[in-house]
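Values below: all heavy atoms of this structure, side chains included; hydrogens, waters and symmetry mates excluded. If you read the sequence from its start, that first residue is 1, and numbering goes on from there.
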Amino acid sequence: MTTARQASDDIRFMGRAIELAKARMGQTWPNPAVGCVIVRDGEMVSEAATAPGGRPHAEEQAAPAAGDQARGATAYVTMEPCGARSSGRKSCSHFLVDAGISRVVVAAVDPSPFAAGRGVERLRKAGLEVETGLLAPEAAVLYEGYLHRVETGRPMVRVSEDGAGFDARFAASAKADLTTELQRLGEAGYTRVWVATGELADALQAQGLLTA
């Protein structure tokens with residue numbers, strides 16, 4: 001049973017993981033920005049976020065950094081650890097299992113082909129306790145563009161004044177085939193792009209391509 005103290009610690013450490021990930025938004029495409037915090041006996045022993053360019057992942061940095069203190073520890077991860085890699089390399093789930101982590105708390109489940117519940121399943125089969133959904137609403141902004149690209153093949157587009165936290169600015173003629181232009185960016189790995197207010201934003205809005 002989760003005690004009040006543990007529940008409070010869970011929120012605090014997941015909050016830190018989300019903070020780490022938010023600091024990397026716009027730098028990690030085509031992968032989402034993920035934060036990982038490893039805690040043992042109420043003390044943080046390591047933390048990491050997805051590196052610029054999307055590699056290495058947060059878990060594959062934080063688990064080795066924790067060393068022997070990872071054994072019996074809890075890992076707080078903002079997105080479900082991958083259960084397999086397209087490259088065939090060691091997955092984030094494997095890193096956590098091999099490090100000796102005993103409990104994993106996840107904010108959001110990853111719908112991509114290389115996770116889609118497989119990461120959680122792999123962890124549970126290895127005997128780890130896994131909980132999902134903690135601070136999921138707070139973590140949602142980290143993955144909205146990534147999930148949008150998984151679902152539509154296009155990056156999410158929002159209006160922004162300065163583009164902070166976005167992958168790139170979307171520059172196109174308002175008269176162009178905007179769906180095709182965005183699909184090209186999606187194929188290149190972009191997940192969140194921005195436009196300033198004006199004719200292009202109006203055209204995107206009219207075609208249902210602008211996220212409020």
Which atom pair, heavy atoms only, marks the closest approach of [X] to [Y]?
X	Y	result
V159	T197	CG1-CG2, 3.6 Å
A201	A196	CB-O, 3.5 Å
A203	L178	CB-CD1, 3.9 Å
M44	F13	CB-CE2, 4.3 Å
G83	S93	CA-OG, 3.9 Å
Q61	A48	CB-CB, 3.6 Å

Give a yes or no answer on whether the side chain of [X] reaches the backbone of [Y] with a donor-acceptor pair at less than 3.5 Å.
X	Y	result
R154	L209	no
D167	V193	no
S8	A4	no
R40	V45	no
Q27	A23	yes

Salt bridge (charged side-chain N to carboxylate O under 4.0 Å, His left out) assessment of E187 paired with R184: CA-CA 5 Å; E187 290 169 0; R184 288 173 180 165; over 6 Å; no
Identify whether [X] and [Y] are in the same connected component of the hydrophobic contact network (ILVMFWY, side-chain heavy atoms under 4.5 Å).
X	Y	result
V150	M25	yes
V77	V120	yes
F170	F166	no
L147	V157	no

For the residue pair T50 and N31, confirm or rule out a side-chain donor-acceptor distance under 3.5 Å.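 No, no side-chain donor-acceptor contact under 3.5 Å.
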Using only heavy-atom distances, determine whether the side chains of Y143 and T191 contain a donor-acceptor pair under 3.5 Å.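 No, no side-chain donor-acceptor pair sits under 3.5 Å.
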Any side-chain heavy-atom pair of [X] and [Y] under 4.5 Å:
X	Y	answer
D202	Q205	no
E47	L20	yes
R158	E144	yes
P81	L123	yes
P155	H148	no
E129	S102	no
V39	E43	no
Y146	R192	no

Is the Y190 ring parallel, tilted or perpendicular to the W29 ring (thresholds 30°, 60°)? parallel
Could you give me the CA-CA distance, side-chain angles and deciding distance for L204 and L182, then say whether side chain to side chain contact (heavy atoms under 4.5 Å, CB included) is met? CA-CA 10 Å; L204 289 163; L182 288 170; 4.1 Å; yes
Spatial distance of atom [atom1] ([X]) from atom [atom2] ([Y]) [nearest 0.5 Å]:
X	Y	atom1	atom2	result
L96	E60	CG	CD	10.5 Å
L200	K175	CG	NZ	13.0 Å
M156	L210	CE	CG	10.0 Å
E80	T132	CD	OG1	8.5 Å
C82	H94	SG	NE2	10.0 Å
T28	H57	OG1	NE2	9.0 Å

Identified salt bridge (Lys or Arg N to Asp or Glu O under 4.0 Å) counterpart of D10 within the set R103, R16, R5: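 So, applying the salt bridge (Lys or Arg N to Asp or Glu O under 4.0 Å) to D10 and each of R103, R16, R5, only R103 qualifies.
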Side chain to side chain contact (heavy atoms under 4.5 Å, CB included) between V105 and M14, intermediate numbers included: CA-CA 8 Å; V105 182; M14 182 62 81; 3.8 Å; yes
Would V106 and E131 count as a side chain to side chain contact (heavy atoms under 4.5 Å, CB included) if you check the C-alpha gap in whole Å, the side-chain angles of each, and the deciding distance to 0.1 Å? CA-CA 6 Å; V106 177; E131 299 169 27; over 6 Å; no
Derivation and outcome, side chain to side chain contact (heavy atoms under 4.5 Å, CB included), residues I101 and I38: CA-CA 9 Å; I101 297 292; I38 295 179; 3.9 Å; yes
Flag yes if more than 12 heavy atoms outside E199 fall under 6.0 Å of its CD atom; otherwise flag no.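 For E199, atom CD is not crowded (no more than 12 foreign heavy atoms under 6.0 Å).
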